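Have a look at the structure below before the remarks.
Nothing here was measured: the structure is a model prediction, and the numbers come from that model.
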Protein chains: 2
Amino acid sequence: MTASSTAALQLFVDRLTARSILTDEEQGAILALPSHRVEFRRKQDFVHIDEVTSYACLIASGVVGRFGQTATGARQTTAFHIAGDMVDLHSTVRPVGIGGLNALCEATILRVPHAAIREVAARYPAIAEAFWRDCMLDAAVLMQWVVNVGRRDARTRIAHVLCEMAIRIGEDRQILVEYDLPITQEQLGDAAALTSVHVNRSLKTLTDLVTIRHGRVRIRDWHALADVGEFEGSYLTADTAPDRQRRYLERP
Amino acid sequence: MTASSTAALQLFVDRLTARSILTDEEQGAILALPSHRVEFRRKQDFVHIDEVTSYACLIASGVVGRFGQTATGARQTTAFHIAGDMVDLHSTVRPVGIGGLNALCEATILRVPHAAIREVAARYPAIAEAFWRDCMLDAAVLMQWVVNVGRRDARTRIAHVLCEMAIRIGEDRQILVEYDLPITQEQLGDAAALTSVHVNRSLKTLTDLVTIRHGRVRIRDWHALADVGEFEGSYLTADTAPDRQRRYLERP
DNA sequence: CGCGAACTTGACTGTAGTCAACCTGCGTGG
DNA sequence: CCACGCAGGTTGACTACAGTCAAGTTCGCG
């Protein structure tokens, strides 16, 4: 247990407690999870499609993409994950792979054994609940992603993704009008289901609203960008209001 | 508690026990869940977008689509659900809406109060685990959907959806080469992110492999259809092997 | 028998993909 | 310290897949 692994676990706890109530003891149990630190370089696949792992991946730093692939090898990113995300939390109950993981930039990952996660979830039902809820937030994001990719045009798709990341990276603070997202236009295209060429052209038409330079997103007009991106962030934040934080699975 | 509501709950239990081990007592607790039967007609929205409900919807019969919508009102179906599916199981831990529900054909729904679901999940950790796992299967399907809609062409998308439904409807039996899917070409388009016109044309090019008439899908050449649809069903079935059925959250 | 929903077809349009060339900026090594 | 190489970004010309619009046709149902 190093200092930095504790810091990463604390980010994870913060993420959970934004939506779930956990006692100090429960938070402590999560912070005490064993982990093994691994570093990956930019563009490296570190979990392959269909790979079955015995650990979940907690992101200590960097940005990670989950992806699927077609028969011809075209990639589709299905989710971005940021520091504090336990990317494979779902594998706690369903260890079969749902896509590969790729480091979008240099990333530090803590591998947390499934066994330890299951143990803590079994011991504290409120933790299991918090994990489950966290998985459901990811699912809500995924559903938006389907709508985005399926029914919106290029400009709108890109704007939507950039808005989503602004909210997620700025979690429980205000909306971040400027944030690091060190991805190439090609990687943004993999997420928005566009080619890099078309991302490039679309991004140019958005210059007044948002720019990306050197892996940093600068939103110049949040309101206009959210408008273009048809972005309505309640699916991300609706359950962070205090009165919705519950411990539903508390024993009678 | 009517005979038919028991039958629907039994379908739900069957669905759960395909992937999770539940004792007779636990199965009994699920079968004893209270419910309120409601009928909906074809094409009726019965849960609106962003609606927050106090109950989950168990499908007793019919096919239901979950959908999202763009600002211009274009619909994108993000999931099909069939008899035995507890459509809103995720709302057990996260009651905020993730899209609306629409009856694709005449459907019978059992409304099961969240409170009762939470109670049974709190009392039996293995049930909570089975619920969570079930939610994760839906998420896996959703991820495939993103890849499908984002990166495949029309023919492939349609073939993929039809293969997926064949597996899901034929669950734990063999692949069904013929099954009821009483949806219009327009509704299939909403799922595959295509217009009804293009669905129509694409379907014609697939006539040798699959036909849809009177709401019944007839797969004439499963192998060829799966090939066209780039369909690899392991994401649906990988955890139904006996050795993977586990009770991870059992108390020590 | 007549109506309406769903399906079918054709002609045309348009958004995004493809291919290819070129530019720019950064890191590395001579 | 400059030259080179390379990854990423930019632009243009052309293509093509799917959307749009509109006019039938078919089929089931009242």
**Asked** Taking only N and O in the side chain of B:Arg42, is any of them less than 4.0 Å away from OP1 or OP2 of C:dA6?
**Response** yes

**Request:** Respond yes when some side-chain nitrogen or oxygen of B:Arg152 is under 4.0 Å from OP1 or OP2 of D:dC17, and no when none is.
**Result:** no

**Message:** From CG of A:Leu104 over to P of D:dG8, roughly how many Å is that when rounded to an integer?
**Reply:** 12 Å

**Message:** Could you go through A:Val87 and A:Leu58, starting from their C-alpha distance and side-chain angles, then the distance that decides it, and tell me whether this counts as side-chain contact (heavy atoms from CB on, under 4.5 Å)?
**Reply:** CA-CA 6 Å; A:Val87 175; A:Leu58 173 59; over 6 Å; no

**Message:** Classify B:Ala193 by what it touches in the nucleic acid, base, sugar-phosphate, or nothing, heavy-atom distance under 4.0 Å.
**Reply:** sugar-phosphate

**Request:** Specify the separation, in whole Å, of atom NE2 of B:His198 and atom C1' of C:dA16.
**Result:** 14 Å

**Request:** Using atom CG of A:Asp190 as one end and atom P of C:dA16 as the other, report the distance to the nearest whole Å.
**Result:** 17 Å

**Complete:** Looking only at C:dA6, D:dT11, D:dA18, the nucleotide nearest the B:Thr184 side chain is C:dA6

**Asked** In whole angstrom, what separates A:Arg151's CZ from C:dT15's C1'?
**Response** 15 Å

**Asked** Do the ring planes of B:Phe80 and B:Trp145 sit parallel (below 30°), tilted (30 to 60°) or perpendicular (above 60°)?
**Response** perpendicular

**Message:** Looking at B:Arg15 and B:Asp138, is any side-chain nitrogen of the basic one under 4.0 Å from a carboxylate oxygen of the acidic one?
**Reply:** yes

**Interatomic distance, A:Glu186 CD vs C:dG17 P [rounded to whole Å]** = 12 Å

**Message:** Quick one, B:Arg42 with B:Glu106, criterion salt bridge (Lys or Arg N to Asp or Glu O under 4.0 Å). Give me CA distance, side-chain angles, the key distance, then yes/no.
**Reply:** CA-CA 5 Å; B:Arg42 184 172 180 61; B:Glu106 297 71 23; 5.1 Å; no

**Prompt:** For the pair made of CD in A:Gln44 and C1' in D:dA7, what is the distance, rounded to whole Å?
**Reply:** 18 Å

**Message:** What residues from residues 199-216 of chain B pass a heavy-atom cutoff of under 4.0 Å to DNA chain C?
**Reply:** B:Asn200, B:Arg201, B:Lys204

**Prompt:** When you check the phosphate oxygens OP1 and OP2 of D:dA7, does a side-chain N or O of A:Gln185 lie under 4.0 Å from one of them?
**Reply:** no

**Message:** With a sphere of 6.0 Å drawn around NE2 of A:His36, does it hold more than 12 non-hydrogen atoms of other residues, nucleotides or ligands?
**Reply:** no

**Spacing between A:Ile158 atom CD1 and D:dG9 atom P, to the nearest angstrom** = 12 Å

**Asked** Quick one: do B:Asp88 and B:Arg66 make a salt bridge, cutoff under 4.0 Å?
**Response** yes

**Asked** Whole Å only: how far is the CZ atom of A:Arg155 from the C1' atom of C:dG14?
**Response** 16 Å

**Message:** Between A:Ile212 and A:Leu203, does the side-chain contact (heavy atoms from CB on, under 4.5 Å) criterion hold? Intermediate values first, please.
**Reply:** CA-CA 8 Å; A:Ile212 309 182; A:Leu203 229 31; 4.1 Å; yes

